[in-house]
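Right, one structure below, let's go through it.
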Amino acid sequence: MPSRVPDASHHKHLDFNSVKELPESHAWTSLLGDYPSGPDSCGVGSVPIIDLDDPNAQKLVGHACSTWGVFQVTNHGVKNSLLNSIEAAGKSLFSLPIQQKLKAARSPDGVSGYGVARISSFFPKLMWSEGFTIFGSPLEHARQLWPQDHNQFCHVIEEYEKVMQQLAGRLMWLMLGSLGITKEDIKWAGPKADFKGASAAIQLNSYPACPDPDRAMGLAAHTDSTLLTILHQNNTSGLQVLREGAGWVTVPPQPGTLVVNIGDLLHILSNGLYPSVLHRAMVNRTQHRLSIAYLYGPPTNVQISPLSKLVDPSHPPLYRPVTWTEYLGTKAKHFNKALSSVRLCIPLNGLVDVNDHNRVEVSWRQLPYIKMM
Ligand SMILES: C=C1C[C@]23C[C@@]1(O)CC[C@H]2[C@@]12CCC[C@@](C)(C(=O)O1)[C@H]2[C@@H]3C(=O)O
Ligand SMILES: O=C(O)CCC(=O)C(=O)O
Ligand SMILES: [Fe+2]
């Protein structure tokens, strides 16, 4: 029997270190049935890698956003030493005894803290991972985790947030600039257009080595609710993105390279020109995988809607205005149908959001746009 944590209210929490066999609760039967597995190197290409010092970076970013919804960046200005430090902070957290980690457990209606993937409730099986979310100050939880010495952890998180905020702002302008959007078009970017009022969460993800990786799921397929997400993964692969017509494509870790993916709010802001990408994390038989996601969004109460420059009579707004706070609530309720739930009309080609399994089929094609009820 796998060793579950004795506290009944935390029945979902597994002590991964003591498990020798995949428990039924974590055995996913139809892992490969959802979409075909991508032929990683057979014609579909791989996720673009963009050098941010390249004079063509804006164009390359725009192309990657409209075709893949994800890309990797080099020369991003984040020091390797900081990436190593945040990785070490994550390792130190997840290697604490489970009872200690549970002292910083995420409360049922809370955002921050330790716990299983919050999307678990949408699936019949549990995921082979544990996570720690930081939204706001990590101080209280860090004190519970390391009563003697929480400063080191808090210091690294603070530094990481500062550096990532800058990089996220820079990426936003590369992405938006490529659509012809200028600083005057986004008032909430602030007087210096540096997105200082933006909000963000840090998600530390741990995927322990798994005795039966072909039947386990690290983090099930989802899109992020963000404008964009910047991901650092350790040297173990596991991240896959869904590419139309190609299936799941692995994003191999490259030292010092960060993965950037489009989230649902940028999908909305760009009126569907930059699609949020469906992605998931697989697990490994022998190696522990760690990833750190910087989930970047607008100020929580700003209404996000398709930018007026991207709207005209033949390109009506595809989504209604929504704040990040409201959208996170919608996501928590409707998960992968959240984007469709704020949709106003369906485009000519009949294709709606890629992550919506209830998508409307091509018989609706005759009309240029169909208003949703
Ligand atoms: C700001 C947030 C985005 C997120 C929910 C959260 O409140 C904090 C964690 C984020 C995360 C990370 C893993 C995947 C995801 C879908 C999840 O369940 O928690 C995202 C959420 C999101 O982007 O919707
Ligand atoms: O671990 C990964 O590679 C993906 C993590 C992720 O998708 C997330 O935290 O939103
Ligand atoms: Fe994600």
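Atoms within a ligand are numbered from 1 in the order they appear, just like the ligands themselves. For clarity, every value in this text was computed on a predicted model and none was experimentally measured.
- The nearest protein atom to atom 24 (O) of ligand 1, hydrogens excluded, is given as S225 OG, 2.4 Å; this is a heavy-atom distance.
- By the criterion of a heavy-atom distance under 4.0 Å, neither the backbone nor the side chain of R280 is placed next to ligand 2.
- Polar contact check, Q233 against ligand 2: no nitrogen or oxygen pair lies under 3.5 Å apart.
- For atom 3 (O) of ligand 2, the closest non-hydrogen atom on the protein side is R289 NH2, 2.8 Å.
- Distances from atom 3 (C) of ligand 1 to the heavy atoms of L328, L204, T223 put L328 nearest.
- Within the 4.5 Å cutoff, the side chain of K103 has no heavy atoms near those of the H141 side chain.
- Residue nearest to atom 13 (C) of ligand 1, selected from L219, V111, I134: L219 (by heavy-atom distance).
- Look at D212 and R285 and you find no salt bridge, because none of the NZ, NE, NH1 or NH2 atoms lies under 4.0 Å from a carboxylate O.
- Within 6.0 Å of the NE2 atom in H150, the count of heavy atoms belonging to other residues, nucleotides or ligands exceeds 12.
- The Fe ion (ligand 3) sits nearest to atom OD1 when only the N, O or S atoms of D224 are considered.
- Polar contact check, D224 against ligand 2: a nitrogen or oxygen pair lies under 3.5 Å apart.
- Screening R106, R118, K101 for a salt bridge (Lys or Arg N to Asp or Glu O under 4.0 Å) involving E130 leaves a single residue, K101.
- Both the backbone and the side chain of D224 come within 4.0 Å of ligand 1, counting heavy atoms alone.
- At least one cation-pi condition fails for R243 and W248: the charged atom is not both under 6.0 angstrom from the six-membered ring centre and inside a 45 degree cone around its axis.
- Considering backbone and side-chain atoms alike, K331 places every N or O at 3.5 Å or more from each N or O of ligand 1.
- Counted within 6.0 Å of CD on Q152, heavy atoms from surrounding residues, nucleotides or ligands total 12 or fewer; the atom is thus considered open.
- Shown here, atom 22 (C) of ligand 1 is in close reach of the protein: a heavy atom of it lies under 4.0 Å off.
- In this structure, W324 is part of the shell of residues with a heavy atom less than 4.0 angstrom from ligand 1.
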